[in-house]
Amino acid sequence: MTTNQDVAELFLGIADLLDLLGERFKPEAYRRAARSIESLSEDLRAVAARDELRSIPGIGEAIDQKIREYLSTGRVEYYERLRQQVPAGVLDLMRLPGLGPKTARRFWVELQVDGPEPLRAAIDAGRLNGVRGFGEKKIAQLRAMLEESKGAGAAERIPIERAYPVARRLAAALRREAGVHEVALAGSFRRGRETVGDLDILVTSDEPEMVFDTFSALPEVRTVRMRGGTKETVVLANGLQADLRVVEPDSFGAALQYFTGSKDHNVRLRSLARDRGLKVNEYGVFRGDERIASRAEEDVYRTLGLSWIPPELREDRGEIELASKGPFPRIVEGRDLVGELHLHLRPDATAEDVSSLLGAAKARGLLYVGVVVATVSGEEVAQAVAPEVLAAVRRSRASRPRAYAVVEIGPGGTPASVLEMAPEYLVLRPGAPSGGPPIAPSGPAPVALLAHFGGDRTATGAWLGLGRSVGAAVEVGPGEGRLDSSAARAACENGVALAVPTGLGSPEEDATAEVALGFARRAGARPEDVVNTRRPPTGGNRSKAR
DNA sequence: GCCGTTTTCGGCCCGACTGTTTTCAGTCG
């Protein structure tokens with residue numbers, strides 16, 4: 001998948017250069033193409049081979065040709081040409097926070113300042129004094145930016161599972177505040193993207209000042225970067241930026257819709273609204289001065305002639321057209337998951353551990369739990385397992401559960417040899433008679449589950465191929481060795497079932513599970529695409545287990 | 001440069017905030 005990333009970055013580079021050259025609409029066109037390519041579930045080469053590049057949103061004739069030029073020659077002449085027109089340092093100037101293309105261009109053209117270092121020198125020499133648009137404050141701000149950027153570069157996006165705990169803590173702290181009505185995490189976090197660049201938090205309250213005071217004082221908040229009447233931007237202790245937006249309760253739906261994004265989705269929505277003589281902003285949908293929707297997201301979409309669209313799919317990749325045709329197709333939800341297929345038993349697990357596990361499963365309404373008794377390398381650890389658990393494993397073997405297997409592979413393992421390494425695997429059903437862990441020999445349909453497939457995410461294609469050939473489900477979720485959302489989309493498109501973790505194991509796994517569900521939803525997975533939404537065919541008949 | 005159940009040409013989302021200004025430009029999300 002690195003080809004896609006390379007091409008996306010190339011187009012982002014073209015966009016920046018065009019920005020500096022003063023182009024009006026082309027930069028956004030290239031950025032949109034880049035975003036589109038980044039979220040593609042398939043390698044560009046394959047799409048190009050089928051001659052279907054033009055079907056990708058944001059890619060027309062010119063960009064189609066540039067992609068093909070890149071695929072065949074490894075470079076794009078247009079980009080090289082642009083680069084010769086703009087000194088590299090000017091690009092660095094534009095990437096300083098608060099300094100955009102217009103200012104960078106002015107420095108370059110009017111003051112012959114073509115990089116961060118020359119800018120510093122120009123400021124020290126007083127060359128900015130008296131220049132139109134540069135007062136005392138602005139110059140001090142520039143100086144501070146230059147100091148700051150000397151150290152670490154621009155803030156990177158971080159994996160969503162790493163942002164999860166702090167996001168939850170911030171939301172919980174705000175919810176405790178009197179005068180706060182609703183609190184919602186929006187932005188790419190709500191859309192379940194693999195990475196988040198910042199946290200967008202939406203609060204409804206009639207007293208924004210109080211909310212900002214509370215927020216600024218939270219232990220997670222390091223510095224306040226900006227604060228106005230309706231929004232505040234802070235930097236968190238972990239370096240992540242958080243934007244807090246406060247609106248009145250009546251605007252909740254419109255604001256949530258707006259701050260959830262994505263940008264492309266919102267742009268499409270707003271131009272759709274304009275075509276219908278309406279206007280959409282974070283306060284509502286308006287016909288003239290009359291507000292016709294604002295309280296709930298559903299209302300916003302409905303007044304635009306659309307059904308509600310799940311946040312995870314709001315990327316302008318066809319979801320708006322789909323929503324205009326009727327009720328949006330249902331995608332998998334947490335309540336659809338009726339089983340957990342991938343739980344590791346510690347080698348020293350006791351029968352009590354197993355029954356408390358089953359109790360927890362039952363409390364969540366799960367019908368079965370798949371337990372792995374093996375190490376990551378596939379080596380059996382049965383000897384270390386408590387006798388009663390081991391006995392249960394043996395019994396399950398004796399009753400020959402229908403080809404249930406969990407396939408585990410260490411980094412670098414090749415798909416071909418995997419199934420022979422199948423360790424022992426149990427399916428336990430909560431609520432069975434006491435006297436040892438009950439076993440359900442017949443369970444939901446999958447014959448195998450692929451998980452822990454090593455560190456290389458670019459190899460997911462091979463795993464999907466294996467899943468397809470043996471009829472195995474493949475685990476989706478954050479971290480190495482699981483499918484990300486675009487790989488999961490590819491799985492669904494190719495008839496390979498997904499397995500979604502439920503977070504049964506521990507509190508940390510709760511976050512993993514929520515993120516994993518988000519990935520499955522971003523993939524557009526329907527309930528029937530997810531293997532652990534399926535109910536055991538034998539229903540309540542447990543006697544067969546013995 | 002892309003895009004179109006009103007368009008193959010003429011559009012291209014919208015508002016908050018900041019710093020600079022006497023009404024706006026630039027940046028950001």
Side-chain angles (χ1 to χ4, degrees), chain A residues 11 14-15 18-19 21-36 53-67 78 82 93-107 128 130-142 145 154-155 186-189 196-202 208 212 224-233 241-247 251 254-255 257-286 304-305 316 320-321 324-325:
Chain A
F11 288 160
I14 289 178
L18 289 171
D19 250 340
L21 292 169
E23 285 282 354
R24 285 269 280 144
F25 295 103
K26 288 186 191 181
E28 260 318 290
Y30 277 99
R31 289 199 180 95
R32 180 163 142 68
R35 286 195 293 271
S36 217
L53 288 171
R54 299 280 301 266
S55 68
I56 299 169
I59 294 182
E61 192 183 338
I63 293 186
D64 172 316
Q65 290 210 342
K66 289 183 180 68
I67 293 173
Y78 180 61
L82 290 176
L93 277 181
M94 193 180 75
R95 287 172 187 141
L96 291 172
L99 207 159
K102 298 266 173 55
T103 312
R105 184 175 166 80
R106 276 193 67 197
F107 283 151
L128 258 59
V131 175
R132 180 177 53 85
F134 293 93
E136 232 173 273
K137 275 179 143 175
K138 190 87 193 172
I139 292 173
Q141 187 184 312
L142 282 171
M145 283 309 167
S188 49
F189 188 89
V196 296
D198 63 3
L199 288 178
D200 294 297
I201 307 172
L202 173 66
F212 291 144
V224 176
R225 185 172 277 177
M226 184 218 78
R227 175 167 165 175
T230 66
K231 62 186 275 195
E232 178 174 28
T233 297
Q241 179 175 306
D243 294 325
L244 177 65
R245 201 51 202 260
V246 180
V247 299
S251 298
Q257 194 290 315
Y258 176 65
F259 292 114
T260 297
S262 67
K263 182 187 167 77
D264 289 335
H265 178 88
N266 284 356
V267 168
R268 277 294 304 280
L269 225 55
R270 284 161 186 228
S271 61
L272 195 75
R274 262 165 53 130
D275 294 346
R276 294 167 187 242
L278 303 173
K279 186 178 77 168
V280 182
N281 59 28
E282 55 264 58
Y283 304 111
V285 182
F286 295 83
L304 299 176
D316 189 22
I320 292 173
E321 289 72 14
S324 70
K325 290 181 182 136

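The chains referred to below are lettered A, B, ... by the order of the sequence lines, with proteins before strands, and numbering in each begins at 1.
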**OP:** Run the numbers on A:F286 and A:N281 for side chain to side chain contact (heavy atoms under 4.5 Å, CB included), then give the verdict.
**Re:** CA-CA 8 Å; A:F286 295 83; A:N281 59 28; 3.3 Å; yes

Counting only side-chain N and O atoms of [X], is one of them less than 4.0 Å from OP1 or OP2 of [N]?
X	N	result
A:K279	B:dG15	yes
A:K66	B:dG1	yes
A:Q141	B:dT18	no
A:Q241	B:dG29	yes
A:T230	B:dC17	yes
A:N281	B:dG15	yes

Length of the line joining [X]:[atom1] and [N]:[atom2], which is rounded to integer Å:
X	N	atom1	atom2	result
A:I63	B:dC2	CD1	P	4 Å
A:I56	B:dC3	CD1	C1'	16 Å
A:R106	B:dA25	CZ	C1'	10 Å
A:E28	B:dC13	CD	P	9 Å
A:I59	B:dC3	CD1	C1'	14 Å
A:R268	B:dC13	CZ	P	11 Å
A:I201	B:dG29	CD1	P	15 Å
A:L142	B:dG19	CG	P	11 Å

Checking contacts here: which listed nucleotide ([options]) is nearest the side-chain heavy atoms of [X]?
X	options	result
A:A62	B:dG29, B:dC2, B:dA16	B:dC2
A:Y78	B:dG19, B:dC17, B:dG1	B:dG1
A:M226	B:dC13, B:dG1, B:dC17	B:dC17
A:K138	B:dC17, B:dG1, B:dT20	B:dT20
A:T103	B:dC17, B:dG15, B:dG26	B:dG26
A:E282	B:dG15, B:dC13, B:dG19	B:dG15

Need one value for [X]: base, sugar-phosphate or nothing, where a base atom within 4.0 Å counts as base even if backbone is also close, heavy atoms only.
X	value
A:L18	nothing
A:R132	nothing
A:P27	nothing
A:E61	sugar-phosphate
A:G187	nothing
A:E232	nothing
A:K26	base

Between the CD atom in A:E61 and the NZ atom in A:K66, the distance rounded to the nearest 0.5 Å is 9.5 Å

Side-chain donor or acceptor of [X] paired with backbone N/O of [Y] under 3.5 Å:
X	Y	answer
A:D200	A:A186	no
A:S36	A:P57	yes
A:R54	A:D64	no

Tested for salt bridge (Lys or Arg N to Asp or Glu O under 4.0 Å) against A:D19, the lone hit among A:R31, A:R24, A:R105 is A:R31

Can you establish whether the number of heavy atoms outside A:E321 located under 6.0 Å from its atom CD is more than 12? yes

message = Looking at A:R35 and A:D316, is any side-chain nitrogen of the basic one under 4.0 Å from a carboxylate oxygen of the acidic one?
response = no

Which whole number of Å gives the distance between the [atom1] atom of [N] and that of [M]?
N	M	atom1	value
B:dG15	B:dT20	P	26 Å
B:dC14	B:dC9	C1'	25 Å
B:dG11	B:dT6	C1'	14 Å
B:dT5	B:dG1	C1'	24 Å
B:dC13	B:dT8	C1'	24 Å

Look at the side chain of A:Y258 against the base of B:dG29 and say whether a donor-acceptor pair falls under 3.5 Å; ignore hydrogens and angles.
-> yes

By nearest-heavy-atom nucleotide on DNA chain B, the more 5' of A:A29 and A:M94 is A:A29

Comparing A:R227 with A:A104, nearest DNA chain B nucleotide closer to 5' gives the residue A:R227

Under a 3.5 Å limit on both distances, the Watson-Crick or wobble mate of B:dT8 is none

